[in-house]
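Here's the structure, in structure tokens; my notes come after.
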Amino acid sequence: MSRSWSRSVQALVGAATALAVVTACGGADDSRARGTADDPVTVSFWAWTKGSQEVVDAFNATHDTIQVKFEEIPSGGLGGYPKIANAVKAGIAPDLLSIEYPQLSAFVSQGSLQDLSPYLTEDIRKKFLPQTIEMTTLGGRNWAVPFDAAPQVFYYRKDFFAEHSIEPPATWDEFRDAAERVRKAAPRTRIATFFPDDPTFFQAMAWQAGAQWFRAGTDAWRIDTTDPASERTAAYWQGLIDDRLVSTASSFSPEWTGSLKQGTTVGYLGASWGAGVLAGIVPEQKGKWAAVRLPSQEADRPASGMLGGSTFAVSKGSTRTAAAVEFALWMATHEDAIKARIGASTSSALPASPAMVPIAKRAFDTGFYGGQDLYGLFEEAGRSIGPQWVWGPSPGATNAALGDELGEVVGGGSTLPRALRKAHEATVADLRKRGLKVEERS
């Protein structure tokens, strides 16, 4: 990611009218980082990511001055974030929280997290991909420890494509052509799915195309979900939906998973973490799948957005910040943690720490993909993530409005261009309601 994210938000944080609450928390922790074997410091930790319990168990087995108490919570979209927000308000939040990149700025702007800058020294920051550090830096301050990056790729049934002499598409024009050929070869079969229940799916596509929905100006947020790149993306996917060239099943629904099992969906536009998910859904199709980079506008200019990805942040009320950060860094940068997570959950997460990528590569069984070097592909995709994207302070309002409209789009009651306009209006209204200054594209 570019340094514009950090610089522009730093200017914005300086304006009290925009992000005044950001300065309400932070500062170095005065509590001890470690206890003793007889009296360890206990860090509470909430997360929903698979393998978290095994990671905690591995840490507790090898540390005696810090111990971690883990609680599994619903995933963010299924109630995890409201649970976190309510716990922070009530003063009962755990020390350490799992928060995805898109939600981080919202929690920071609400004053829910601690500034971790005193603990994330330059030497520590160098252990992570620069783009993940940029995405966890607001106003020149570090608010979370990155765990993984989540670039997009295209998973496809290589047996179906080979049988019908269809080449994996390198461009979006080729993707449409391949979609038509898939349907012609098997009228009930579709090349991939447009997920109407997941706004982040469309956002990642817009990001890949060069969209820039949020920008932090000197004293106001600049909002535009209807920029040319977004409109092109909307028109492209509206055409695929109207012509019934893609499925419109909800993500991870019985309809979607059933179509994979039945072979009526032969592709999946997902993130790096999706490799493990897909293998878990259709293990009986081992050896029939492969992955390629995401199609782009031009074959010689690969590009990717990011679909998800998670961080570890410390809640504002924690008095065990140093110990919590030590545990978070262990989870993100220690070989034993990566082995425990991937070995326990068949996770295919791309670590934010490049040094951990070879560990993840060895730990993840690629037999489902015929032994393909997936992590080489993920690293390549990660390098192509567009640098212009910034997450705004109100992703909830944006996603709620966009999500409501996407459901109407697949039913024919709305269109993707209209959904973009609705998301824009809802975002601007929410920011102004919260007292933040907003500039709109004229």
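Sequence positions, counted from 1, serve as the residue numbers for this chain. Values in this document were obtained by computation on a predicted structure and should not be read as measured data.
- Distance alone, capped at 3.5 Å, places no donor-acceptor pair between the Tyr101 side chain and the Thr311 backbone.
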task: Apply the test side-chain contact (heavy atoms from CB on, under 4.5 Å) to residues Met331 and Leu96: give CA-CA distance (whole Å), side-chain angles for both, the deciding distance (0.1 Å), then the verdict.
output: CA-CA 12 Å; Met331 284 195 288; Leu96 194 66; 3.7 Å; yes
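- In this structure, Trp289 has its ring center no closer than 6.0 Å to that of Tyr268.
- With contacts defined as side-chain heavy-atom distances shorter than 4.5 Å, the pair Ile359/Lys339 qualifies.
- Between Val246 and Ile241, the closest side-chain pair of non-hydrogen atoms falls below 4.5 Å.
- Nearest approach of Ala275 to Leu374, heavy atoms of both residues: CB-CD1, 4.0 Å.
- In this structure, the side chains of Leu269 and Leu307 stay at 4.5 Å or more apart for every pair of heavy atoms.
- Side-chain contact annotation: Asp227 with Thr225, donor-acceptor N/O pair under 3.5 Å absent.
- No donor-acceptor distance shorter than 3.5 angstrom exists from the side chain of Ser259 to the backbone of Thr264, with no hydrogens or angles considered.
- At a threshold of 4.5 Å between non-hydrogen side-chain atoms, the residues Ile223 and Trp213 do not count as touching.
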task: Applying side-chain hydrogen bond (donor to acceptor under 3.5 Å, both in side chains), run through Trp256 and Ser247 and close with a yes or a no.
output: CA-CA 8 Å; Trp256 183 65; Ser247 164; over 6 Å; no
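- For Tyr236, the ring pair (Phe, Tyr, Trp, His ring centres under 6.0 Å) partners two or more places apart in sequence, or in a different chain, are Trp172.
- Under a 3.5 Å cut-off, the side chain of Asp197 and the backbone N or O of Ser251 do form a donor-acceptor pair.
- Side chain of Asn60 to backbone of Gln67: no donor-acceptor contact under 3.5 angstrom is found.
- In terms of heavy atoms, Ala249 sits closest to Glu255 at CB-CD, 3.6 Å.
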field: Steps toward side-chain contact (heavy atoms from CB on, under 4.5 Å) verdict (Leu120, Val145)
entry: CA-CA 8 Å; Leu120 302 186; Val145 174; 4.1 Å; yes
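- Aromatic rings from Phe202 and Trp237 are positioned such that their centres are separated by 6.0 Å or more.
- The backbone N or O of Ser304 lies less than 3.5 Å from no partner atom in the side chain of Gln152, so there is not a single donor-acceptor pair.
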- request: Start with the C-alpha distance between Thr398 and Thr427, add both sets of side-chain angles, then the distance that settles side-chain hydrogen bond (donor to acceptor under 3.5 Å, both in side chains), and finish with yes or no.
  value: CA-CA 5 Å; Thr398 307; Thr427 304; 2.6 Å; yes
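- For the pair Ile66 and Trp330, the minimum side-chain heavy-atom distance is 4.5 Å or more.
- Ring pair Phe45/Phe312 is perpendicular by interplanar angle, where above 60° counts as perpendicular and below 30° as parallel.
- Listed for the Thr233 side chain is a donor-acceptor partner under 3.5 Å among the backbone atoms of Ala229.
- One finds the CH2 atom of Trp143 at 9.0 Å from the CD atom of Gln114 (value rounded to the nearest 0.5 Å).
- Partner of Gln208 under the side-chain contact (heavy atoms from CB on, under 4.5 Å) criterion, out of Pro302, Ser384, Ser296: Ser296 alone.
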- request: Starting from the C-alpha separation in whole Å, work towards a yes-or-no answer on salt bridge (charged side-chain N to carboxylate O under 4.0 Å, His left out) for Lys126 and Glu122.
  value: CA-CA 6 Å; Lys126 286 180 179 178; Glu122 183 177 356; 3.7 Å; yes
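- Taking the side chain to side chain contact (heavy atoms under 4.5 Å, CB included) definition, one finds that Glu425 meets it with Lys422, sequence neighbours left out.
- Listed by first and then second residue, the salt bridge (charged side-chain N to carboxylate O under 4.0 Å, His left out) pairs involving residues 354-364 are Lys361-Asp373 (not counting sequence neighbours).
- Using a 4.5 Å cut-off on side-chain heavy atoms (C-beta onward), Leu406 and Phe201 make no contact.
- Side chain to side chain, Ser315 and Ser318 fail the donor-acceptor criterion of an N or O pair below 3.5 Å.
- For the ring pair (Phe, Tyr, Trp, His ring centres under 6.0 Å) test, residues two or more places apart in sequence or in another chain that qualify with Tyr81 are Trp48, Phe107.
- By the 30° and 60° cut-offs, the orientation of the rings of His63 relative to Phe59 is parallel.
- Between the side chain of Gln238 and the main chain of Val409, no donor-acceptor pair closer than 3.5 Å is present.
- Looking at Arg341, its side chain never comes within 3.5 Å of a backbone N or O of Ala360 through a donor-acceptor pair.
- Ring planes of Trp391 and Trp207: perpendicular class, angle over 60° (limits at 30 and 60°).
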message: One pair to check against side-chain contact (heavy atoms from CB on, under 4.5 Å): Leu350 and Glu379. What are the steps and the verdict?
response: CA-CA 8 Å; Leu350 175 65; Glu379 286 187 290; 4.3 Å; yes
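- Put simply, the side chain of Asp39 never gets that close to the backbone of Gly35: no donor and acceptor are under 3.5 Å apart.
- Ring pair Phe378/Tyr375 is perpendicular by interplanar angle, where above 60° counts as perpendicular and below 30° as parallel.
- Counting only residues at least two apart or on different chains, the salt bridge (charged side-chain N to carboxylate O under 4.0 Å, His left out) pairs with a member in residues 392-412 are Glu405-Arg418.
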- request: Under the side-chain hydrogen bond (donor to acceptor under 3.5 Å, both in side chains) rule, what do Asp148 and Ser310 come out as? Steps first, then yes or no, please.
  value: CA-CA 6 Å; Asp148 66 330; Ser310 59; 3.1 Å; yes
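- Surrounding CZ of Arg432 are more than 12 heavy atoms belonging to other residues, nucleotides or ligands, all under 6.0 Å away.
- Of all the heavy atoms in Ser348 and Gly274, the pair that sits closest is OG-N, 4.0 Å.
- Considering only heavy atoms from C-beta on, Leu329 stays 4.5 Å or farther from Tyr119 through its side chain.
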task: Carefully, step by step, assess Thr36 and Asp38 under the rule side-chain hydrogen bond (donor to acceptor under 3.5 Å, both in side chains).
output: CA-CA 5 Å; Thr36 65; Asp38 294 329; 5.3 Å; no
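- Residues Asp219 and Glu439 are in side-chain contact: their nearest non-hydrogen atoms beyond the backbone lie under 4.5 Å apart.
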task: Output, in order, the C-alpha distance, side-chain angles, deciding distance and verdict of side-chain contact (heavy atoms from CB on, under 4.5 Å) for Gln212 and Arg222.
output: CA-CA 10 Å; Gln212 189 172 8; Arg222 298 175 181 173; over 6 Å; no
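- Within the model, atoms CD1 of Ile73 and OG1 of Thr49 stand 9.5 Å from one another, a figure rounded to the nearest 0.5 Å.
- Ala381 and Val153 get closest at one heavy-atom pair: CB-CG1, 4.2 Å.
- Arg434 and Pro393 get closest at one heavy-atom pair: NH1-O, 2.9 Å.
- Pairs passing the salt bridge (charged side-chain N to carboxylate O under 4.0 Å, His left out) check and including a residue from residues 76-101, sequence neighbours excluded, read Glu71-Lys83, Asp95-Arg320.
- A distance-only check finds no donor-acceptor pair linking the side chain of Thr136 to the backbone of Asn142 [under 3.5 Å].
- Heavy-atom minimum distance, Val55 versus Ala337: CG2-O, 3.7 Å.
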